[in-house]
Each structure stands twice: as C-alpha cells, then as structure tokens.
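Report on one structure; see the data block that follows.
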Amino acid sequence: MTVLDKPAATGAEPGPSRDPRPPRRELGVVNVASHAFLLLWGALTVLPLLWMFLSSFKSDGEILSDPWGLPGALRLENWVRAWTEAHIGRYFLNSAIVVAGSLTLTMLLGATAAYVFARYEFRGRQIVYYLFVGGMMFPVFLALVPLFFVVRSAGLLGTWPGLILVYTAYSLPFTVFFLTAFFRTLPTAVAEAALIDGCGHFRLFFRVMLPMARPGLISVAIFNFLSHWNQFILPAVLLEGDSSKYVLAQGLSALAVSQGYQGDFSGLFAGLTIATLPVLVVYAVFQRQVQGGLTAGQLK
C-alpha cells in the first residue's frame, strides 16, 4: 500500500518548491527607488528651510547679489529688528495665547468625548459619533460667511475668545476620531479593576485612562498645535481690524507686504524664521511620541 501524501523514506528528494518571495534583484530596485524618492523629498523640504535660515543673517545686498551663498557675518540685528520694529514679538505672543487656549480646550473636550464614545454604550452613540466625524469632511471655506455672522452675533468678532472657540470647534472632529480609536485599544481589565477598587468614573478617566492614553494625546496635540499655529484664513476673517491683536500668520502677511515695499528682505526672512522655529522645535522634541502614538493603536 502506497502512501501518497508523504515523501518516500528511500531518500528520494521531493519536487522543487515554489518560493513566493520576489527575486532579490526586484527588491533591490524597489529599495533604491524608495530611498531615492525619500532623499529627494527630504531635500525639497530641508533646503528651503535652510536657505531661509541663512538668509535671515544676510544683509539685503547679499540676498540680492548672492542669494545662494553663505552670510558674511551673523547679523543678529535682523532678528532684533523683526522682533521689535516689525512687531513679530507681539504677534508671537498673541499666537501663543490663542493656541494655548484653543489647544487646552480642544484636548479636554476631545478626550472626554472620545472616552465616552469608546467606553460607554448609550442610545444614539453611533449617530453622535458620526456627526463628529462628519465634521472632518466639511471644508472651512464653505463656512466662512455663516461663521462670520455667527461670531459677530455672539459679540466675539475681533476677539481672541471668539477665535479660540472657532479653532476648538474645527479641531474637535479629528481629535474625537483619533482618540476614540486609541481609547478602544486600552485594556478593559485595568478600568474594571479600578472600578472594583472604588474608583468613580470621574477619577477613572483623569487618574487612570488619561495617563494610559498619553502617547495618543501627545500625537493629536502636536497635530492640532501645527494646525492652529499655521492657521491663516480663520484669523484673517474673524480677527480683522485691530492689528495689535493679530496672530503670527496675519503679522507675517502684513510684514511681507510692508518689508517688500521697503526692500527689507533680511528682516522678512528673520521674521519667517522666528515663526517657523516653534514648529520645528516641537516636532524635534516630540517626534518619538508622535510615532509611538500613531502606531500604538495597531499593537493590540
């Protein structure tokens, strides 16, 4: 009786097996192409920033005569002039106040709502959740006119509280969407053990779940920070009028117009560098937390 599903014990070699992996040559070509694309993308991103940074130390003559050369000296007076005479310092402080208020409110409300959607069952939960998520598909440009009249009717037009509330409203959909998926990955056994030990729902959220969700909170906070710090269209519509309340994006726009007419290109580049530095510093400091927060939800 012959066994067909096992190789013979006489030392006969089985037939050739098919290797599902592609040849190494194809993998090498793909790796080279992907690395070349990443290097090109990195150069397109870093070189303009480096050129702007070096130009902030040049004189106007060096910028016009030798735009690609190195500065002859580190002219820190360009930065001082942009900070004081061009009022970049005041615009910087205004942006810091608005972003700090909107980011705090966004993270508090977004984390609370996301935790409820992820951990509690109640009637209409999915409907309310999808209403939040649907806000991500609504472009801000379509809401500028009604938003202007709503903020004016509330008496908040041209004020920082009005801008903070609008920033918060437009950041909540993404925050709730991101954190809801993250809270679902947290272990349920820890929350059940805390409840058994007598921890209330309020303390459970702030003392147990929020610390566990720190990677996701940091990631979404950085994304919201970048969005709020670089926002231009909303403050241009809702904060028009008193230039002393301008945020940094508005101040840079006014600086580009005024310095362009005056020919003070060194002051303009210094102002742009000052506005860009906080974004680069925040990402450089928290890049590991951003990567950990983006991948943590896939590790369950």
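Values below: all heavy atoms of this structure, side chains included; hydrogens, waters and symmetry mates excluded.
At least one donor-acceptor pair under 3.5 Å links the side chain of K58 to the backbone N or O of P67. No donor-acceptor pair closer than 3.5 Å links the side chain of S227 to the backbone N or O of F223. Under the 3.5 Å distance criterion, the side-chain polar atoms of S34 are matched with a main-chain donor or acceptor of N31. Without hydrogens or angle criteria, T185 side chain to F182 main chain gives a donor-acceptor distance under 3.5 Å.
Remark: R203 engages no residue in a salt bridge (charged side-chain N to carboxylate O under 4.0 Å, His left out) (not counting sequence neighbours). Evaluation of the salt bridge (charged side-chain N to carboxylate O under 4.0 Å, His left out) rule for R75 yields E62 as partners, not counting sequence neighbours. Every residue two or more places apart in sequence or in another chain that forms a side chain to side chain donor-acceptor pair (under 3.5 Å) with S244 is listed here: D242. Scanning for ring-ring contact (aromatic ring centres under 6.0 Å, His included) contacts around W68 gives W51, with sequence neighbours left out. Not counting sequence neighbours, the partners of T175 by the side chain to side chain donor-acceptor pair (under 3.5 Å) test are N224. For F148, the ring-ring contact (aromatic ring centres under 6.0 Å, His included) test picks out no residue, with sequence neighbours left out. W229 meets the side chain to side chain donor-acceptor pair (under 3.5 Å) test with no other residue; sequence neighbours excluded.
Atom-to-atom distance recorded for L44:CG and L40:CG is 4.5 Å, nearest 0.5 angstrom. We find the OH-CG distance between Y91 and N94 to be 8.5 Å, quoted to the nearest 0.5 Å. One distance of note links CD1 of I233 with CD of Q250; it measures 10.0 Å at 0.5 Å rounding. Atom CG in L54 sits 11.0 Å away from atom CG in L49 (nearest 0.5 Å). From L248, atom CG reaches atom CD1 of I88 across 5.5 Å, with rounding to the nearest 0.5 Å. One finds the CG atom of L93 at 4.0 Å from the CD1 atom of I97 (value rounded to the nearest 0.5 Å).
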Exercise answer: donor-acceptor pairs, residues 101-115 side-chain atoms, under 3.5 Å, sequence neighbours excluded:
unit_1	atom_1	unit_2	atom_2	d
S102	OG	V98	O	3.0
S102	OG	V99	O	3.2
S102	OG	H228	ND1	2.9
T104	OG1	A100	O	2.7
T106	OG1	S102	O	2.7
T112	OG1	L108	O	2.7

Donor-acceptor list for residues 149-160 side chains, cut-off 3.5 Å, not counting sequence neighbours:
unit_1	atom_1	unit_2	atom_2	d
S153	OG	F149	O	2.7
T159	OG1	L156	O	2.5
T159	OG1	G162	N	3.4
W160	NE1	K245	O	3.1

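Under a 4.5 Å side-chain heavy-atom criterion applied to ILVMFWY residues, the cluster that includes L39 comprises that residue alone. Residue V80 shares its hydrophobic cluster (ILVMFWY side chains chained together at separations under 4.5 Å) with no other residue.
Considering every non-hydrogen atom in both A82 and G267, the closest pair reads CB-O, 3.6 Å.
Side-chain contact check for V247 versus Q231: every heavy-atom pair is 4.5 Å or farther apart. At a threshold of 4.5 Å between non-hydrogen side-chain atoms, the residues L252 and L268 do not count as touching. Counting heavy atoms from C-beta on, the side chains of F92 and W83 come closer than 4.5 Å.
Aromatic ring centroids of F53 and F57 lie under 6.0 Å apart. Ring centroids of Y120 and H201 are separated by less than 6.0 Å, placing the two rings close together.
Applying the side-chain hydrogen bond (donor to acceptor under 3.5 Å, both in side chains) test to residues at least two apart or on different chains, the pairs with a partner in residues 121-143 are E121-R125.
Counting non-hydrogen atoms of neighbouring residues, nucleotides and ligands closer than 6.0 angstrom, the CZ atom of F183 exceeds 12 such neighbours.
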